[in-house]
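Encoded as C-alpha cells, the structure appears first; notes follow it.
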Amino acid sequence: MARKRIFVILKYLLFLGVGIGLLWYVSSKIDIRILLSQLKKAHYQWVVLSGAIALLSHLSRAARWNLLIRSLGYPTRLTTTFHATMIGYLSNMAIPRLGEITRCGVLARKGKIPLQNLVGTVLVERGIDMLSFLLIIGITVVVQLNQLENFLGTHIWEPLQNKWAAQREHVWIYLVVLIVLAVLGILAMRWGIRKFRAHGGKYYFKFRRILVGFMNGLRTIATMPGKGLFVMHTVFIWLCYFLMVYVCFFAMDATSHLGVGEGFTILTTGSLGILAPVPGGVGTYHTFVAYTLEELYNISADSSVSFAYLVHGTQYIVMAVTGGLSLLVITLSYRKNAN
C-alpha cells in the first residue's frame, strides 16, 4: 500500500512538473510586461459573458446527471447535484480525475445514494462526453478543412516529399521496413491482449467492469424517461463550451476577427490540453491553444499566449470560486445535520 501511494505521489509530481514546465516554456516566448498589458487592455465584458456561460454549462451538467440518477430510482435535488459537481471540478484542479470520485462521494453522503450506482452514472457521462468530443473533432475537420490542408502541407507533406525525393533510390528498403514493422506491431498487439486477458488480474476485470458499465449505461439512456432532455442537455453543454471560447475572441483586438470555424479549432485543441493528466490543464492548455493560434491563424506569439491565459484563467476562477462556495455550503449542511 505504501509503495502504491508513493507511486501515485510521484506520478502526480511528474505531471505537475510537466505542466509547470510547459507553462514556463510558452510564457518565456513573450515579454511578461506585454502579457500584462494585453490582459489589462482586454474587453472584460466578453470575459464576464464567458464566465456566465461556463456557469450555465455546469448547471446543465448537474441537471443531466440528475436525469441519470433519477432513472435509477433515486430522487435528487438540482442544487445538491450542482454543489457536488462543482466540488468535483474543484478537486480536479488539484488532482486530475479525483473530481469524478469526489462528486460521487459528496452526493452519496448528502443524498443517501449508493456510491457504486453514482460511479456507474459518471462512467456513462464520461463515455457520452467522449463520443461528443469525437463529434466536435469531426465538425472541426469539416469547417476548417482548408486551414488544416495548408498546415499539414507546409509542416508535414512538403518536408516528407522533399525527403522522399532525396532518398528515392532507397524506397524499396523503406517499404520493406515499414511492412515488417506493421506486421510486428500487429503480432505484438495480439500477444499483449492475450497476456492481458490471462494475467491482467484485477486490471483486466476492472477494464471489463468499466466497459460493461458503459454499455449498460447506454442502454439505460435509450430506455430512460426523458432521454430527449438528456440529449438536449448534452448538446447545450458542448454549445456552451464552444461559446466560452468564441466570445473571448472579441475580448482581444488581435483575435476579434476570428470566426466560428476558428472557435471549433480552439475548442478542440484546448479540450485536448484539459484532458491531459496535468492538474487543471495548466501548461498543456496554454501550449496547445497558443500554438494553434500562432501556427494556423498567424496570431502573434504575444497575443496567442495572452488569449490562452485569458480563457483558461476565466474558467479557472469560475470553478475555484463556485467550487469553494459549494464546498462551504455542503460543509455547513453536514454540520447542521450532525447537530
Side-chain angles (χ1 to χ4, degrees), residues 16 19-20 23 27 35-36 38-66 76-107 109-110 122 125 129 233 236-252 266-267 270-271 273-276 278-286 289 306-336:
L16 179 62
I20 294 174
L23 187 63
S27 302
L35 171 64
L36 295 176
Q38 294 213 6
L39 293 178
K40 184 178 180 180
K41 292 188 297 184
H43 309 298
Y44 277 93
Q45 67 271 25
W46 296 105
V47 178
V48 172
L49 178 59
S50 177
I53 294 171
L55 278 176
L56 287 176
S57 74
H58 302 326
L59 185 63
S60 182
R61 180 171 288 277
R64 190 184 69 170
W65 193 23
N66 260 356
T76 54
R77 296 176 58 185
L78 180 59
T79 52
T80 305
T81 313
F82 176 74
H83 290 319
T85 300
M86 296 314 302
I87 293 172
Y89 280 130
L90 187 66
S91 301
N92 275 339
M93 292 170 64
I95 302 177
R97 311 294 179 262
L98 178 63
E100 308 294 358
I101 298 299
T102 302
R103 64 171 170 142
C104 290
V106 170
L107 195 57
R109 182 178 178 186
K110 181 68 177 175
V122 169
E125 276 199 312
D129 286 336
H233 274 298
F236 181 75
I237 289 168
W238 283 92
L239 176 62
C240 286
Y241 289 167
F242 165 77
L243 291 174
M244 283 155 51
V245 174
Y246 179 71
V247 299
C248 279
F249 284 158
F250 306 106
M252 295 180 59
I266 299 302
L267 172 62
S271 298
I274 295 296
L275 287 173
V278 174
V282 173
T284 51
Y285 182 90
H286 302 78
V289 169
S306 300
F307 180 83
Y309 267 102
L310 188 68
V311 178
H312 186 268
T314 300
Q315 308 313 321
Y316 217 78
I317 290 172
V318 169
M319 288 190 292
V321 173
T322 311
L325 291 174
S326 294
L327 182 61
L328 178 63
V329 169
I330 292 295
T331 302
L332 293 176
S333 175
Y334 285 159
R335 291 181 178 180
K336 181 179 179 181

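Predicted model only: the values in this text are computed from it and were never measured.
- In this structure, F307 and I266 have side chains that are in contact, with non-hydrogen atoms separated by less than 4.5 Å.
- Closest of all the heavy-atom pairs between V318 and G51 is CG2-CA, 3.8 Å.
- Residues passing the ring-ring contact (aromatic ring centres under 6.0 Å, His included) test with H312 are Y285, H286, Y316, sequence neighbours excluded.
- I317 contributes atom CD1, which lies 6.0 Å from atom OG1 of T314 (distance to the nearest 0.5 angstrom).
- For the side chain to side chain contact (heavy atoms under 4.5 Å, CB included) test with I87, the passing option among I330, T331, V329 is I330; the others fail.
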**Request:** Please report the C-alpha distance between M93 and L90 in whole Å, then the side-chain angles of each, then the deciding distance to 0.1 Å, and finally whether the side-chain contact (heavy atoms from CB on, under 4.5 Å) criterion is met.
**Result:** CA-CA 5 Å; M93 292 170 64; L90 187 66; 4.2 Å; yes
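- Listed here is the closest heavy atom pair of I274 and G281: CD1-CA, 4.2 Å.
- Between the CZ atom in R77 and the NE2 atom in H83 there is a gap of 8.5 Å [rounded to 0.5 Å].
- Scored by the ring-ring contact (aromatic ring centres under 6.0 Å, His included) test, F250 finds W46, Y246 as partners (sequence neighbours excluded).
- Counting only residues at least two apart or in different chains, salt bridge (Lys or Arg N to Asp or Glu O under 4.0 Å) contacts with residues 47-62 comprise R61-D129.
- One finds the CD1 atom of I53 at 10.0 Å from the CZ atom of F242 (value rounded to the nearest 0.5 Å).
- Closest approach of G99 to N92, counting heavy atoms only: N-OD1, 2.8 Å.
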**Request:** Please test V122 against C104 for side-chain contact (heavy atoms from CB on, under 4.5 Å), starting from the C-alpha separation and ending with a verdict.
**Result:** CA-CA 8 Å; V122 169; C104 290; 3.3 Å; yes
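- From S271, atom OG reaches atom CG of L275 across 6.5 Å, with rounding to the nearest 0.5 Å.
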**Request:** Kindly indicate, with the supporting measurements, whether the criterion side-chain contact (heavy atoms from CB on, under 4.5 Å) is fulfilled by T322 and H58.
**Result:** CA-CA 10 Å; T322 311; H58 302 326; over 6 Å; no
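- Using a 4.5 Å cut-off on side-chain heavy atoms (C-beta onward), R103 and W65 make contact.
- For Y44 (side chain) and L39 (main-chain N/O), a donor-acceptor pair under 3.5 Å exists by modelled atom type.
- You'll find the side chain of L23 reaches within 4.5 Å of the side chain of Y309, heavy atoms only.
- The heavy-atom pair separating V289 from G270 by the smallest distance is CG2-CA, 3.8 Å.
- The main-chain N or O of L56 is never found under 3.5 Å from a side-chain atom of S60 such that the two would form a donor-acceptor pair.
- Rounded to the nearest 0.5 angstrom, Q38 CD and S306 OG are separated by 4.0 Å.
- You'll find the side chain of L78 reaches within 4.5 Å of the side chain of L59, heavy atoms only.
- Between M244 and S57 the shortest heavy-atom distance is SD-OG, 4.2 Å.
- Of the inter-residue distances, the one linking H43 atom NE2 with L310 atom CG reads 11.0 Å to the nearest 0.5 angstrom.
- Scanning all heavy atoms of the two residues, the minimum distance from T284 to G273 falls at OG1-O, 2.7 Å.
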